[in-house]
Amino acid sequence: MGALKHIINLVSAPQVSFLVAAIAFFFVFPPTAGFERWNRRLRLNLLWTVRGGILLHALVIGGFFLSTLDPNFRAIVAKPDNVPIALLLFGTLFFLWYAMKQAVDNDQRLASDQKPNEYTDPSEPKILVWPDLVYIELIAAVLCMAALIFWSIALEAPLEQPANPTLSPNPAKAPWYFLGLQEMLVYFDPWLAGVVFPVLIIFGLMALPYIDTAPEGSGYYSYSRRKLFISLFLFGWLLLWVYLIIVGAFMRGPNWNFFGPYEEWDIHKVVPLTNINFSALVWVKLLNRPLPDNIIVREIFGIVLLGIHFLVVPPLLGVTVLKKFYSRMGNVKYAVFMFLSMAALTLPIKMFLRWTINLKYLVAIPGWFNL
Amino acid sequence: MTIGRRKKVDGPNSRESVSRRGFMSWLVVGWATFAAGLGGLGAIMMRFLAPNVLYEPQQTFRAGAASEYAPGEVSTRWKAKYGIWIVRLEDRIVALSTICTHLGCTPNWLASEQKFKCPCHGSAFRANGINFEGPAPRPLERHKITLDDEGVMIVDKTVSFRQERGQWDDPESFVAV
Amino acid sequence: MTEDKQAGFWARFFGSTIWRSIFRVGIPRDRRARLMQVLSNFFLHLHPVSLPKHAVKLKYTWCMGGLSFFLFVVLTFTGVLLMFYYRPTIEYAYNDVVDLRETTPMGIMREIHRWSAHLMVIAVWFHMFRVFMTGSYKAPREFNWCVGVVLLTFTMLLSFTGYLLPWDQLAIWAITVGSNMAAATPFVGQEGPGVALLSIGNVGLIGRTSDARFLLLGDTSIGAGALLRFYVFHCVFFPLIAVVFMAIHFWRVRKDGGVSGPM
Amino acid sequence: MDNNEQRYYDPKTLNRVFAVTSVIFLASLVAMFYYDYDREWREHQATFRKIDIGSARERLERDQKRLEQAQEYQQLTEALSSARAEQSRTSVTVEQERAELARLTKQRDSVREEMNFEIAEHAAAKYKFEQARAKGAPGAAKLEKALLEREQAAAEKKLMVEQLESQMGERRAAIEQDTATVVALERQLAQLTSRSDLLIRKLATLDPARLSALDKVGDKVRDLPGMDMFNPRYNVRDHQLIIDGITEDMVFTRVPRVDRCKACHMGIADQRFADEDNPHRAHPNLDLFLTQSSAHPMKEFGCTSCHSGRGRGTSFTTAVHTPDSAEEREEWEKEHDWERLHHWEAPMHPARYTQAGCYKCHTDNPELEGADKLNLGLAIVRKAGCNGCHLIDRFNGEPKAGPSLRRLKSKLTPDWAFKWIKSPKEFRAHTWMPAFFKQSNNSDIEPRTDVELKAMVHYLFAESEDRTGQAEGKRTAAGNAENGKRLTRARGCQACHMLADDPYDATLSVDAMRRQQGPKLVGMASKTTAAWLYGWLKDPATHSPDTRMPDLRLSDEDARDITAYLMAVESDGTLTAAVPATDERMLDEVTLELMAKNMSQVAAKAKVHGMAVEEKLAYTGKQMTRHYGCFGCHDIPGFEDEQPIGTDLSEEGSKPIAQLDFGLRHDLEHVNYAWFEEKLKDPRSFDHGLVKKPGERLLMPHFGFDEHEREAVVTCLLAFAKPDSELKKALPRTPRNMFIEEGEKLITQLNCRGCHVIDGAGGAIEPSLVKWVAEHPPGQEPAAEKEPEEEEEDDGWGDEEDEAIDPEILARAYMPPDLTGEGAKVQPEWLFSFLGDPASVRPWFEARMPTYSLTGEERNTILRYFSYLDNQKFPFEKPVTVDTNSVEFKAAEKMFSPAVMNCKSCHVVAGKTPEGKTAAEWAPDLGMAKDRLKADWTLKWLLDPQTLIPGTKMPQYWPEDGPSPLPDLGADTLRQCRAVRDYLFTLEEE
């Protein structure tokens, strides 16, 4: 048991878990036909059946409640403000499975030239809202209220010491729904993680319907006809948002150190976090020269890489892998789509570089631009 | 019953063959409990509005020795802080409330006319608290006033004495002089 | 049984002018009445009269949009009630919250408010997820999706501003971290990049007392000013905006053809 | 009918689901009501009510039994019934009078009503006329006439009212006369039954047995859930205290304290509940706390201002109670669902540390009456020299705890110093010198610490001034150890030092610590030389200018004898440590390490290489002395301006727990007092399991406190907290308090209380004296007349003929005088000169007031202390002028005769000692009175000696009801006393 816990502690470190999850993700939610073939071959599509669902829920929920036997796990999960996160975890799992199951069903129907489940023959009479819809709405509301009251009785809302600006708690955490942003702050400057990224998320979401203008797949659950967008959206939502919230809430302890789910939050835990700028890495380590004084020269490698990332890779993809996609989208939509995708990709790339080569900044121009 | 009938008419019964009674009872239970629940929410709201603790200023205070008040004096010393006039009548000292019995304004003591005159609707009270002018329905209330071991008068605003209830002869409503 | 007598009374009662003036439709005995019930009721007129079958199914909608709205209503009610006991000043804020637990009758209102807020954030996320998975953002519903994104943002802002109000360590530090990000806004935050550009000659326009963070807090650090400001944001400003957007959101659901469905 | 269904769900299912949902919803609401209603205090208040009823019933029963048995009560009831019968016989007249009175009253009321109208009209007319006249209106004259008419009408009515009222008065008087007997009897009876009446009144609303059926229903309903908004019996509101004067820290601001403790602790301020169980029990010390007449009335101080905790809490957990022990904790967890509320920075102190709360206000009282543990803790902190290494506000400016090491060389050898520092307890089990070495975190590096220690000793001796031969005095021959032993006891050494056979108390007390002011005087031979000791005894200041050891003015012979005795007393223990040769490799290593702190490794290496061993020792010695902070307690050359090395403890008690480093200790509960306890138990234990270089390890030395002492010190540490309450409730910073505080500091430093009782505390020497007197009954040794000087103070005592006296009583005769009330007693000029050069008050005693080299300022400090303590008008006193020809003088002279007061039978007068008494019984020379005593005090003393100095042997010559000793002066006691006093003030010293 102890050994198993130890392994889980090790594996859940973001270095490992994020990497594994990020790679596995595209097999589970294939963005292209190529991945889809692998998905079939690995029989991962069976996850979205009833049996697959039971297995999935049994694993996660069973694992969760088994884990509560561990005092360290319990201590963190039982914090009143963390309860919604558990709720979020289970809810996300369930609705993900539920949506995917319906999507897979519909995909099969569409493949055999049937209409999707949601389809209603126009000749069929519509359902009157009174009383069917209003009744279930009332039932849902009343149930929700009752659940809230029982929840409120069972759990007191947290209240700590009076506010004290001279004494920060360790760890000091943002509200849980912003923990993804706080986690990003570890890797990016505040102006990026705290301002630019949120704004990009909001605008990216708003831009979505204007980029994905293909008419198919509207109004019913489906996957195979929209796989690229669904895959990318889920990548953003599940990995870059929900996953980071769970890491931020359950696995970030004192001094913002990482702790495995069964590890005690030891305030003395010491982790080497020394990091190095890309410029120093290239000039000093690779080229064996002192850092140039001119900032632009010094940072030139980082700037070039950044340029490649945003300016070279998209067109390159456009003429190679995504040729069909590009031609369908047109210049503007493709550019916006690629900009947003590449910006979102910077987060996992930066995380990855931090873990592997302790990279601090790719481009470091103090007071102007740190990335 | 009527509700039941309403539903019965409403219900498309071709598909189901439920006994009327069973059908009704579910409905009645549901809506009756729901109505009770709404009533409960109302009660909760009401209960919420009645605070359990108060942060009012101290209701008892030391008003000094009886000898500090001249015979016939109406002292406004404690009016601002505690809302009390200390009045020395012929044979007793009383603590008069400064709340007009009409609609709760604070009357003024007019020394030249020897009366409390309320600016809101013109009620007037004599020094002993008896109303004699204007709409005030009853005399000013008196508050509990007692002597402590050192001979200092203690006024307790939580206890009041009303003339029309014959409480002004209560030994706690005055300090004899 | 006195059923007949009663029925007579009730029939007269429901037929009375007063009753008919308030409840136009009466008991929905037939299709028309059921139709009118929805059309003539203020609270129900958000709904269309009839829907395709799949849109009535929980399986399709998960009722997440409806629950989000319901939670907003719960939050409004409990929030207004809490305002009776809570004073947003440094002297009282914390102790008023303590009193909610210790002495205030039905002080559980705070728990309901807090947990509803968390639940609403989650419900809104799931709602967005459902809408995405059914491709419901596609034409003609593009704009309503954008309104939804705005509402999502305001849901989190409402939750965030409410986080400061208990005035405890959790509150002040969560908001400190959050509000310091405002100081990092490019150009208009004193710590942000490009701040030097906003100056006239040697006179910098953006500083400790004139940047985005200062406007947010009304102070250079979190204190009495920030507490009051967040209170107003939380109780008046953001809810008002959210209500306006919600109205647009619901309106557009109807105008864009109701709940989405396959062509 | 609906022919087109257009339905999806089965209505039956929907109804069913809805019904279930509604039931769940309703259940949730019921649960919510219950949750809101289910409060601990409700139960406690209900239980308390039962207790209260029980106690009231019992008292009522007792009082009624008393009444039944009281004859007076029987008589009164009988008298009353007969008086009533009598009155009913005359009732016809009374009824008539009453009817007449009622008629008059009616008439008066009617006329008074008219009068009121007239008065109002008059006031209005007056106003009209005044206005008109002021404006010069033409109708003024007419108005004036109207005014006059009104005035007259009003006056008439007034007259009528007065007449009627005077008639009413007559009637009333008549009625009163008729009913006088009954009324008087009734009043008497009411007085007799007042207690019962009160109890009956109380029980009438409290006791269900005395409630009517409807009242009983109301009594239940008023506390039902939801109904408790209408006038509930059980509530918090009536038990909430708002303390305006004492505020609570909300970081950004301070707000008045709100305490709701009374909502559960209902009987806390009522002695009647002293034996109940918690939470109903009364406070254990109601004389001092909570009651209106005590020093801390509840309304002004509340509960949490002393006890801490969360006053607003209304449940056991949220009030933040803290258990005193593991057992109590377990019990609480079981019975009260207790858990530690981590999110409150001022939890209640565990019961054993309650006295820490006193310090919140009483920071200036040097010794707080009743707070023994806190006092002991403060004394230990001072004595152990905690303030040497830790800044503690209160102890700023206190002298160092240990002796100066500036003149070490002439006293000790380096080897002895090495062994002593290495393990001081080996030599003296109870020494206050703590152990730095052989501790849990450094016994593994003994070779290294040996080198460090060697270096330090080297440094100390190299820097020490050598005074060998200079101060040893002329010790010509070996002394008489036997006499030396006697002298150490007789001269009062035991006020400050423990001697060979003095036992240590099982538990330390402040008085015991006074007896440990200096080291225990054993094993001197193994430590120093006889020559040094002799020189030290003769003149301590020569060896250590700042020493607290006073000059005892010993003769050469006495010093020689004492030296001989002390050199002969063997030590309790022996130093076992061997002194190793200096390990040079290790020395290099240490030196290099130290040096590399200030320069690069390379430079340090080069430098160390070029140094001689001596140099390295000196360098390392100095650095290590700094490292270990030796200068905190000892005056060491080279460390004059050094800052303390330890953590600031001034606000240690309110340090957040995160700032206390528990290291890897998970076996301890993470609360501050557990950390303090452990730190005192084993100061190095938080290093356990950590990898640390020698220079990084914890340094605090081991004092070897037992549990009792640790408790006292932890109380202190908890007491050193952020100032919590406002000063207006604490001792105000008046000049009086500040002078007293200043004086106390000096008095504590000088250990005056080792001998004297001052302000009710002290006299630590008493047990030693008792023991000595028991072993050596007086009379066996000569009264040492040869001593020309001695002892301050008088307080006389009369004849004591009995031979077999209790040693305790006898010892009191030898006790240094009680200085309580000294400020009122002696003249400041006398005290000032006495402190500079202690002259004799009772020259015949061997014990003596030693000479402290006090500066004028210090003497004034003590003077002011005594004067302010007794509220004296400082410093003036009118001289007494005496007319030697007056009647009074003649009469007083007579008093001295054996026939009257026979003063000379006890008092020495002008050097002439009383006859037939042992020296122990002599009383001070009356010739000194003039210069020494204050006139007012002397008068009071003569009138009533026992009040001023309880237990004095001075008889009271003017008892309240006794015969007057000076009938010549009439019956005026004061006049007689004044005459005697004046006479005394004419006497001259020898």
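In the text below, chain A, chain B and the rest are named by the order of the sequence lines, each starting its count at 1. All values derive from a computational prediction rather than experimental measurement.
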Ring centres under 6.0 angstrom apart ([X], [Y]):
X: A:F229; Y: A:F233; value: no
X: C:Y60; Y: A:Y221; value: yes
X: C:H118; Y: A:W176; value: yes
X: A:F29; Y: A:W48; value: yes

Tell me, out of [options], who's got the most heavy-atom pairs with chain A below 4.5 Å.
options: C:W125, C:W62, C:F160; result: C:W62
options: C:R110, C:K57, C:M156, C:M128; result: C:R110
options: C:V97, C:V74, C:L119, C:V177; result: C:L119
options: C:M64, C:M181, C:K138; result: C:K138
options: C:W167, C:Y163, C:F69; result: C:Y163
options: C:S159, C:G189, C:S221, C:G178; result: C:S159

Under 4.5 Å from any heavy atom of chain C - which part of [X]:
X: A:T120; result: side chain
X: A:I136; result: side chain
X: A:W151; result: both
X: A:E216; result: backbone
X: A:A103; result: neither
X: A:L96; result: both
X: A:V195; result: side chain
X: A:Q102; result: side chain
X: A:L234; result: side chain
X: A:P116; result: side chain
X: A:P198; result: neither
X: A:P80; result: both
X: A:Y177; result: both

Side chains of A:E118 and A:N106, donor plus acceptor under 3.5 Å: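 Indeed, the side chains of A:E118 and A:N106 share at least one donor-acceptor pair under 3.5 Å.
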Donor-acceptor side-chain pairing of C:W173 and C:Q169 below 3.5 angstrom: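 C:W173 vs C:Q169: donor-acceptor pair found between side chains.
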Measure distances from [X] to the heavy atoms of chain A and classify the residue's part below 4.5 Å as side chain, backbone, both or neither.
X: C:F70; answer: side chain
X: C:L152; answer: side chain
X: C:V49; answer: both
X: C:V98; answer: both
X: C:T185; answer: both
X: C:L51; answer: both
X: C:L71; answer: side chain
X: C:L197; answer: side chain
X: C:W115; answer: both

Derivation and outcome, side-chain contact (heavy atoms from CB on, under 4.5 Å), residues C:T104 and C:M109: CA-CA 10 Å; C:T104 309; C:M109 227 44 95; over 6 Å; no
side-chain contact (heavy atoms from CB on, under 4.5 Å) evaluation trace for A:W97 with A:K101: CA-CA 6 Å; A:W97 171 81; A:K101 180 182 174 295; 3.6 Å; yes
Over all atoms of both residues, closest heavy-atom pair of [X] and [Y]:
X: C:T161; Y: C:L165; value: O-CG, 3.9 Å
X: C:P48; Y: C:V38; value: O-CG1, 3.7 Å
X: C:L58; Y: C:C63; value: CD2-CB, 3.7 Å

Taking C-beta and beyond as the side chain, do [X] and [Y] meet within less than 4.5 Å on heavy atoms?
X: C:F43; Y: C:N41; answer: yes
X: A:E137; Y: C:H47; answer: yes
X: C:H54; Y: C:P262; answer: yes

Contact winner vs chain C - [options], heavy-atom pairs under 4.5 Å:
options: A:A157, A:A140, A:A214; value: A:A157
options: A:L87, A:L148, A:D189; value: A:L148
options: A:S168, A:G194, A:S222; value: A:S168
options: A:A172, A:P215, A:G217, A:A207; value: A:G217
options: A:I85, A:V242, A:I230, A:D132; value: A:I230

Test applied, side-chain contact (heavy atoms from CB on, under 4.5 Å); reference residue, A:L340; option that passes from A:L205, A:I201, A:I211: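 Result: among A:L205, A:I201, A:I211, A:I211 is the only option passing the side-chain contact (heavy atoms from CB on, under 4.5 Å) with A:L340.
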Distance under 6.0 Å and angle within 45° of ring axis: C:R130 vs A:Y98: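 Relative to the ring axis of A:Y98, which defines the angle, C:R130 lies outside at least one limit.
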Test log, rule side-chain contact (heavy atoms from CB on, under 4.5 Å), inputs C:L67 and C:H127: CA-CA 9 Å; C:L67 280 183; C:H127 178 56; over 6 Å; no
Geometric class of the A:W237/C:F126 ring pair [parallel <30°, tilted 30-60°, perpendicular >60°]: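 Judged by the thresholds at 30° and 60°, the geometry between C:F126 and A:W237 is perpendicular.
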Parallel, tilted or perpendicular: ring planes of C:H234 versus C:H113, cut at 30 and 60 degrees: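 If you compare the ring of C:H234 with that of C:H113, the planes turn out perpendicular.
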